[in-house]
Amino acid sequence: MAAKIIDGKAVARELRAEWKARAGCLRARGIYPGLAVILVGDNLASRVYVRNKVNACREVGIHSELHEFPAGVPEEAVIFRIRQLNANRTIHGILVQLPLPRHIDNRRVLEAISPEKDVDGFHLYNVGALVAGSAVFPPCTPYGVMRLLQHAGIAVEGKHAVVVGRSNIVGKPMALMLLEAGATVTICTSKTRDLADHTGRADILVVATGRPKLVSGDMVKDGVVVIDVGINRLPDGRLVGDVDYESVARKASHITPVPGGVGPMTVTMLLVNTIDAAERDARCAPPAETGCRRSPAITA
Ligand code: GUN
């Protein structure tokens, strides 16, 4: 069976057109959705991610500001800037690009962001809301995965979902969202003993470990839906996921490619979280006659 490819790029393009219309509705009412991105240090990958986010904002009509700090900046200076942005009415979303330099306490910095502007969904308030099943800002990558599944017409309820990876950014929130959508969820890590035993029972398999080609075709069952969140650069320069695409695609019913699968969705969902924040701030549901819609429930 040839696996259907879940084309994240195409889905992201479609959704961004929708977000653009929503941002336009806000602007027509004098509200310009605004995102502030904080970048500390000179991590090359972070710089590329941030540039993508700023460009994506421009594409859909969101105002964005980049606040850069040198690697040695004191933690208090970053927190001070966040407090200023919390009070700035033209900014609806604040994002601190991770990782931060080692001398900075991630938690202190993330907790400084006002939960109403925490468009990454990393503040403990939003983590708690996600656990309670009423996410305010779902973390962007797992949120994007849920939208990909929805778009591909894959029902989650009653399925056995296996998540490999336990990061705060992807694995843990992913498991919670799948659970909320009615899946039976198993959480594994790259160190799980007999990993194939678990992955082999998955109806839906999400892999987010940062280990290139950790999951191979012999570790999955026929008909599995595979979402590969990994993006790893091999010594020969090729980009690969955490899944061995060729062997897994021979057995899967659906699979995301790397690149072009989950990647484009992360930024796309950041955009909609920012638009949601601006709409909430303005307490303005988009008027029905504009054809603009709010984000659907993530568990739909
Ligand atoms: N670093 C890697 N992924 C992310 C993300 O989704 N958000 C932020 N802020 N930093 C990251």
Side-chain angles (χ1 to χ4, degrees), residues 8 12 34-57 62 64-69 71 75 78-79 81-82 85-86 91-102 104-115 117-127 130 135-148 163 165-177 206-211 227-233 239 241-242 258-259 261-274 276-277 298:
L35 174 71
V37 179
I38 294 177
L39 175 64
V40 183
D42 40 26
N43 180 312
L44 208 63
S46 289
R47 206 160 272 286
V48 172
Y49 290 136
V50 162
R51 194 177 57 219
N52 288 344
K53 290 170 186 180
V54 168
N55 288 343
C57 282
I62 292 174
S64 70
E65 300 179 354
L66 178 57
H67 295 255
E68 284 191 74
F69 294 92
E75 182 178 295
V78 179
I79 290 175
R81 181 67 58 87
I82 290 172
L85 291 166
N86 284 341
I91 292 297
H92 303 95
I94 303 170
L95 173 157
V96 176
Q97 187 64 31
L98 301 177
L100 289 169
R102 290 162 72 104
I104 295 183
D105 178 347
N106 273 13
R107 263 292 139 223
R108 276 202 76 218
V109 168
L110 295 176
E111 294 325 299
I113 299 173
S114 161
K117 297 193 179 188
D118 172 38
V119 285
D120 251 339
F122 294 167
H123 188 286
L124 284 181
Y125 177 89
N126 284 318
V127 175
L130 184 67
V136 182
F137 295 113
C140 303
T141 301
Y143 193 13
V145 171
M146 295 306 287
R147 284 304 293 256
L148 281 181
V163 179
R166 53 155 185 173
S167 69
N168 290 335
I169 293 179
V170 185
K172 286 181 203 164
M174 185 77 257
L176 286 167
M177 283 186 209
V206 183
V207 191
T209 61
R211 306 281 177 110
I227 306 289
D228 189 351
V229 183
I231 180 147
N232 312 285
R233 195 168 289 283
L239 280 180
D242 293 357
V258 175
V262 175
M265 293 298 288
T266 298
V267 178
T268 302
M269 303 321 279
L270 170 70
L271 301 174
V272 81
N273 276 351
T274 305
D276 275 342
I298 55 162

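Note that this is a predicted model, so its numbers are computed, not measured. Counting starts at 1 for both ligands and their atoms, following the listed order. Along the sequence shown, residues carry numbers from 1.
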- Which option out of Leu95, Ile38, Leu39, Leu98 puts a heavy atom nearest to atom 10 (N) of ligand 1?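 Selected option, by shortest heavy-atom distance: Leu98.
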- Item | Heavy-atom nearest option to atom 9 (N) of ligand 1, drawn from Thr266, Asp120, Val170, Val50 |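 Going through Thr266, Asp120, Val170, Val50 one by one, Asp120 has the nearest heavy atom to atom 9 (N) of ligand 1.
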- Message: Within the structure, is a non-hydrogen atom of Tyr49 found at a distance of less than 4.0 Å from ligand 1?
- Response: no
- Derivation of the side chain to side chain contact (heavy atoms under 4.5 Å, CB included) call for Phe122 and Asn106: CA-CA 10 Å; Phe122 294 167; Asn106 273 13; over 6 Å; no
- Query: With a 4.5 Å limit on heavy-atom distance, are the side chains of Ile79 and Val109 in contact?
  - Reply: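 In short, these two side chains touch, coming nearer than 4.5 Å.
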- Item | Steps toward side chain to side chain contact (heavy atoms under 4.5 Å, CB included) verdict (His92, Lys117) | CA-CA 6 Å; His92 303 95; Lys117 297 193 179 188; 5.9 Å; no
- May I ask you to list the atoms of ligand 1 that are less than 4.0 angstrom from any heavy atom of Val96?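 It comes down to these atoms of ligand 1: 8 (C), 9 (N).
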- side chain to side chain contact (heavy atoms under 4.5 Å, CB included) between Val119 and Leu270: does it pass, once the steps are laid out? CA-CA 6 Å; Val119 285; Leu270 170 70; 3.7 Å; yes
- Item | N/O donor-acceptor pair under 3.5 Å between Lys53 side chain and Gln97 backbone | no
- Item | Closest protein heavy atom (residue, atom, distance) for atom 11 (C) of ligand 1 |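 In this structure, atom 11 (C) of ligand 1 has Gln97 NE2, 3.4 Å as its nearest protein heavy atom.
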- Protein heavy-atom partner closest to atom 3 (N) of ligand 1 - residue, atom, separation in Å: Ile169 CD1, 4.1 Å
- So, is Pro99 polar-close to ligand 1, with some N/O to N/O distance under 3.5 Å?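 In fact, backbone or side chain, Pro99 has no N or O that close.
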- Item | side chain to side chain contact (heavy atoms under 4.5 Å, CB included) between Ser114 and Ile94, worked out | CA-CA 8 Å; Ser114 161; Ile94 303 170; 5.7 Å; no
